[in-house]
There are 2 protein chains.
Amino acid sequence: MNDATNNTTLTIGKVARRTGIGVETIRFYEREKLLPEPARDPSNGYRRYPESTVARLQFIARAKELGFTLRETRELLELRAGPATCGTVRAKAEEKLGDVRRKIEDLRRIERALRTLAEACPGEGALDDCPILGALEGGFGDGS
Amino acid sequence: MNDATNNTTLTIGKVARRTGIGVETIRFYEREKLLPEPARDPSNGYRRYPESTVARLQFIARAKELGFTLRETRELLELRAGPATCGTVRAKAEEKLGDVRRKIEDLRRIERALRTLAEACPGEGALDDCPILGALEGGFGDGS
DNA sequence: CTTGACACTGTAGTGTACTACAGGGTGTAC
DNA sequence: GTACACCCTGTAGTACACTACAGTGTCAAG
């Protein structure tokens with residue numbers, strides 16, 4: 001992450017506009033260790049972010065939308081930056097894989113229920129005429 | 001959801017133990033309209049929940065883990081209970097389907113990156129020896 | 001130089017989602 | 001009757017994730 005070969009760095013405001021994440025939130029993420037402290041412009045103390053920060057922040061935003069807490073997101077990001085050995089990375093990656101696969105499976109259930117619902121409601125009609133309106137329930141928790 | 005034919009109803013504590021969700025949270029969900037108000041035992045005013053409440057609460061818990069806000073969860077649950085016509089249900093269900101599919105796609109990306117990571121780290125070795133440790137980044141936001 | 005946007009640090013406040021508690025009532029076993 | 005678990009309502013507090021603000025410095029255009 002050294003931009004010595006590429007001089008393009010961004011101020012915090014530029015990063016914010018690029019990502020739709022507020023400057024205050026970006027500084028918050030730095031405090032929470034989701035972002036590394038960026039280099040500073042020596043002449044004014046302003047943060048200078050590498051271009052890669054944009055992708056990192058977009059990852060963080062998406063992870064939040066997928067139900068990951070900030071701590072979990074940080075752990076995902078640290079997989080490549082933290083542990084000392086490859087074996088540790090592998091073990092942690094596989095643990096996270098289990099979480100991710102479960103989320104996918106659950107979302108698939110919701111998708112199926114919603115699709116069934118949409119296909120069962122082709123047009124006009126009272127709700128009483130849609131016998132599959134209970135499709136959303138029973139799709140969960142009981143191992144179907 | 002009428003238990004006239006099935007007398008089994010549950011007190012709030014039983015529902016809480018069955019679901020792992022606290023009684024106070026259950027009452028909170030009722031206030032937030034995620035749960036309908038249950039019938040009451042006339043002799044003491046206690047809530048009596050139908051058996052189906054357990055599945056409903058498990059759905060709510062899982063939806064939260066999947067990144068749905070309570071409002072979004074409520075909207076999902078209201079798909080079968082709210083709008084007046086089948087056509088409206090269909091339109092809303094399809095809107096939600098879009099959200100769900102995007103979440104699935106994003107999770108798939110994370111899954112792939114994690115799998116790549118795990119497979120690239122077969123055992124011991126310094127992190128510098130894992131050239132794919134950057135797999136997590138760049139997997140997002142750019143439509144790669 | 002003036003003006004307005006942008007940046008800084010540190011503190012305070014907001015929204016969401018719970019969670020705990022106070023005070024009091026109910027049920028059951030001993 | 002006692003003790004304890006359970007229930008009720010309503011209020012207050014906590015955790016998480018931001019978001020706003022105060023006071024001050026910096027930059028760039030006019």
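Basis for what follows: all heavy atoms, side chains included, without hydrogens, waters or symmetry-related copies. Lettering follows sequence order; numbering is per chain, from 1.
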When the distance from [atom1] of [X] to [atom2] of [N] is rounded to whole Å, what number comes out?
X	N	atom1	atom2	answer
B:D41	C:dT26	CG	C1'	10 Å
A:I21	D:dA17	CD1	P	14 Å
A:K64	C:dG15	NZ	P	14 Å
A:F28	C:dG13	CZ	P	17 Å
A:E32	D:dA15	CD	C1'	12 Å
B:E65	C:dC18	CD	P	11 Å
A:R71	D:dA15	CZ	C1'	13 Å
A:K33	D:dC16	NZ	C1'	17 Å

Which residues share a side-chain hydrogen bond (donor to acceptor under 3.5 Å, both in side chains) with [X], sequence neighbours left out:
X	answer
A:R112	none
B:R101	A:E111
B:R74	none
A:N44	none

Which atom of B:L107 lies closest to which atom of A:V100, heavy atoms considered: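 Of all heavy-atom pairs spanning B:L107 and A:V100, the closest is O-CG1, 3.6 Å.
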Salt bridge (charged side-chain N to carboxylate O under 4.0 Å, His left out) partners of B:R40, counting only residues at least two apart:
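If we apply the salt bridge (charged side-chain N to carboxylate O under 4.0 Å, His left out) test to B:R40, skipping adjacent residues, there are no hits.
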message: Test of understanding: with salt bridge (charged side-chain N to carboxylate O under 4.0 Å, His left out), list the residues that count as partners of B:E95, not counting sequence neighbours.
response: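 Here no residue qualifies.
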In this structure, CZ of A:F59 is separated from CG of B:D106 (nearest 0.5 Å) by 10.0 Å
Practice item. Not counting sequence neighbours, list each pair that qualifies as a side chain to side chain donor-acceptor pair (under 3.5 Å) and has a residue in residues 15-35 of chain A. Key: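 Listed by first then second residue: A:R18-A:E51, A:E30-A:R47.
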5' to 3', nucleotides 3-12 of chain D under a 4.0 Å protein heavy-atom cut-off (B base, S sugar-phosphate only, - none) gives ---BSSB---
Is any side-chain nitrogen or oxygen of B:T25 closer than 4.0 Å to OP1 or OP2 of C:dC18? no
* To do: State, to the nearest 10°, the angle formed by the axis through the first five base pairs of the helix from C:dC1-D:dG30 to C:dC30-D:dG1 and the axis through its last five.
  =>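 One end axis against the other gives 0°.
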